[in-house]
Trainee: 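First the structure, then my questions, so here it is.
Throughout, a chain's letter reflects where its sequence line sits, starting with A, and its residues are numbered from 1. Since we're looking at a predicted model, the values are computed, not measured.
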Protein chains: 2
Amino acid sequence: MQNFVELLKAHGLKSTFQRVQILEAISICGHKDIDEIYNDVVKLHPTISLATVYKNLIIMKDNGVLCEVSVSGKKSKYEIKKEDHLHLICTHCGSIEDFTLEASFDKIVNLQDFELQKKEINLYGICTKCHSQKAS
Amino acid sequence: MQNFVELLKAHGLKSTFQRVQILEAISICGHKDIDEIYNDVVKLHPTISLATVYKNLIIMKDNGVLCEVSVSGKKSKYEIKKEDHLHLICTHCGSIEDFTLEASFDKIVNLQDFELQKKEINLYGICTKCHSQKAS
DNA sequence: TTCGTACCAAATAAAAATTATCTAAAGGAA
DNA sequence: TTCCTTTAGATAATTTTTATTTGGTACGAA
Ligand SMILES: [Mn+2]
Ligand SMILES: [Mn+2]
Ligand SMILES: [Zn+2]
Ligand SMILES: [Zn+2]
């Protein structure tokens, strides 16, 4: 449980009841998709609109409060932004566990308690071509 | 350019003109989303339905012919299945480049020609909890 | 305090994306 | 070729996401 009011202000966003509730909902289990978030928040705030959750997820993502975790074949999960890390995603129950990125890749692929099926590594950035275009 | 007829049969799928065209379209540039695929195929086959492309992407993915590459904030890309590898995704032009996974992670993060912004690593598999449930 | 402005939530409405249904046609084995 | 199964295409239905409109609220300037 963090101080989400301050977190929002620190990123230049107004602190509203709805935004704080969305952040609370996410922080409970770390990673949630839009439906899980909405279902949580609507219990405390029955009149909230799903569109409001959509809008706020986008704006909080754009302002660096949240991160979107794309999951193959499913809806994206959202998490409070923190240092880069990796996700162990269970293809059976859908659980998502954070894992530190300190270890070398060799260590990562030799996970003891996790039956690894698929590795999905995406590095986002600016490619060479776009880089040279910027310069010109 | 591969023999997609055989590829499909090898995975227990019937070879149809539509499926082969979808695979051809994907193989041209490696990674394409549903709209790019449809736009390509419809040129050669004006009567193809978008629903057919949807259905075939799913069935070919489920049968191991294709892989889905989730891209944060965009539609998923599809590629012909091959060994696990990593993706350099340009946040500016959207280009996706394959990168071998041989190198250690330290090497990966020190890319020379790519301005790295975000690392997204998802490992899919069966979690400990699900594993023990299977045993019982 | 009283405006004026900016921002936001909620309620729709609208649009876009995905999936389901149904019938005719095509693929493939014998 | 014949027969059975699978698939494509057309279309409808559903689901997901975004846009619009309206009214409210916070906040600073006057
Ligand atoms: Mn995480
Ligand atoms: Mn690839
Ligand atoms: Zn599990
Ligand atoms: Zn680029």
Side-chain angles (χ1 to χ4, degrees), chain A residues 4-25 32-66 68-78 94, chain B residues 3-26 32-66 68-78 94:
Chain A
F4 296 125
V5 175
E6 290 306 318
L7 181 65
L8 287 163
K9 287 181 182 170
H11 288 85
L13 290 175
K14 286 196 175 180
S15 165
T16 69
F17 177 81
Q18 291 82 349
R19 285 176 186 167
V20 172
Q21 289 310 311
I22 289 170
L23 293 173
E24 294 275 8
K32 281 195 177 151
D33 66 28
I34 174 110
D35 299 318
E36 294 167 329
I37 295 165
Y38 175 74
N39 288 334
D40 276 10
V41 176
V42 81
K43 288 174 191 163
L44 298 163
H45 196 293
T47 64
I48 196 173
S49 161
L50 184 56
T52 298
V53 182
Y54 269 106
K55 261 185 306 186
N56 281 315
L57 288 179
I58 291 169
I59 200 172
M60 288 194 284
K61 177 191 166 190
D62 288 347
N63 286 74
V65 177
L66 292 180
E68 180 184 354
V69 182
S70 340
V71 180
S72 184
K74 300 196 173 181
K75 285 197 182 182
S76 286
K77 303 277 182 173
Y78 291 86
Chain B
N3 186 343
F4 295 126
V5 175
E6 290 306 318
L7 181 65
L8 287 163
K9 288 181 182 171
H11 287 84
L13 290 175
K14 286 195 175 182
S15 164
T16 69
F17 178 81
Q18 291 83 350
R19 285 177 185 166
V20 172
Q21 289 310 312
I22 289 170
L23 293 173
E24 294 275 8
I26 293 173
K32 280 194 176 151
D33 66 28
I34 175 110
D35 299 318
E36 294 167 329
I37 294 165
Y38 176 75
N39 288 334
D40 276 11
V41 176
V42 82
K43 288 174 191 162
L44 299 163
H45 198 292
T47 64
I48 196 173
S49 161
L50 184 57
T52 297
V53 182
Y54 269 107
K55 265 186 301 187
N56 279 315
L57 288 178
I58 290 169
I59 201 172
M60 290 194 282
K61 177 192 168 190
D62 288 347
N63 286 75
V65 177
L66 293 179
E68 180 184 353
V69 181
S70 337
V71 181
S72 184
K74 298 195 175 182
K75 286 195 180 183
S76 285
K77 302 277 183 174
Y78 291 85

Trainee: Quick one: is dG9(D) close enough that its OP1 or OP2 comes under 4.0 Å of any side-chain N or O from Thr52(B)?
Mentor: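 For dG9(D), OP1 or OP2 has a side-chain N or O of Thr52(B) closer than 4.0 Å.
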Trainee: Quick one: Ile22(B) CD1 to dG9(D) P, roughly how many Å, whole number?
Mentor: 9 Å
Trainee: Are side-chain heavy atoms of Ile48(A) and Tyr38(A) found at a separation under 4.5 Å?
Mentor: yes
Trainee: Could you check how far CD of Gln18(A) sits from P of dG24(D), rounded to whole Å?
Mentor: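 About 16 Å, once rounded to whole Å.
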Trainee: Quick one: Ile34(A) CD1 to dT15(D) C1', roughly how many Å, whole number?
Mentor: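 The answer, rounded to whole Å, is 13 Å.
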Trainee: Taking all heavy atoms of Asn39(A) and all of Val42(A), pick out the closest pair and write down the distance.
Mentor: O-CG1, 3.4 Å
Trainee: According to ring pair (Phe, Tyr, Trp, His ring centres under 6.0 Å), who are the partners of His45(B), at least two apart in sequence or on a separate chain?
Mentor: Phe17(B)
Trainee: Distance under 4.0 Å to a non-hydrogen atom of chain B counts as contact; along DNA chain C, which nucleotides mark the start and end?
Mentor: dA17(C) to dG28(C)
Trainee: Do Lys32(B) side-chain atoms and Ala25(B) backbone N/O form a donor-acceptor pair below 3.5 Å?
Mentor: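 Confirmed, Lys32(B) side chain pairs with Ala25(B) backbone.
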Trainee: Rounded to whole angstrom units, what separation is found between the CG atom of Asp33(A) and the C1' atom of dT16(D)?
Mentor: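 Taking atom C1' of dT16(D) as the reference, CG of Asp33(A) is at 12 Å.
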Trainee: May I ask you to check whether Thr52(B) and Gln18(B) show a side-chain donor-acceptor distance below 3.5 Å?
Mentor: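 No.
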Trainee: Between Lys61(B) and Ser72(A), which heavy-atom pair has the shortest distance, and what is it?
Mentor: NZ-OG, 3.9 Å
Trainee: Please report, rounded to the nearest Å, how far the P atom of dA8(D) is from the NE2 atom of His45(B).
Mentor: 9 Å
Trainee: For DNA chain C, whose closest nucleotide is more 5', that of Ala51(B) or that of Ser15(B)?
Mentor: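 Nearer the 5' end of the strand: Ala51(B).
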Trainee: Below 4.0 angstrom, N of the basic side chain to O of the carboxylate: do Lys75(B) and Asp35(B) qualify?
Mentor: yes
Trainee: Which atoms form the tightest heavy-atom contact between Ile22(B) and Val53(B), and what is the distance?
Mentor: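 Between these two residues, the closest heavy atoms are CD1-CA, 4.1 Å.
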Trainee: Return whichever of Thr16(B) or Lys75(B) has its heavy-atom-nearest nucleotide of DNA chain C closer to the 5' end.
Mentor: Lys75(B)
Trainee: Are any of the side-chain nitrogens in Lys77(B) or Glu68(B) under 4.0 Å away from the carboxylate oxygens of its partner?
Mentor: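 Here Lys77(B) does not pair with Glu68(B) in a salt bridge, since their nearest N and O are not under 4.0 Å apart.
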Trainee: Enumerate the residues from residues 54-66 of chain B whose closest heavy atom to DNA chain D is under 4.0 Å, giving them by residue number; use none for an empty result.
Mentor: Lys55(B), Asn56(B)
Trainee: Using heavy atoms to find the nearest nucleotide of DNA chain D for Lys14(B) and Phe17(B) separately, return the residue whose nucleotide is more 5′.
Mentor: Lys14(B)
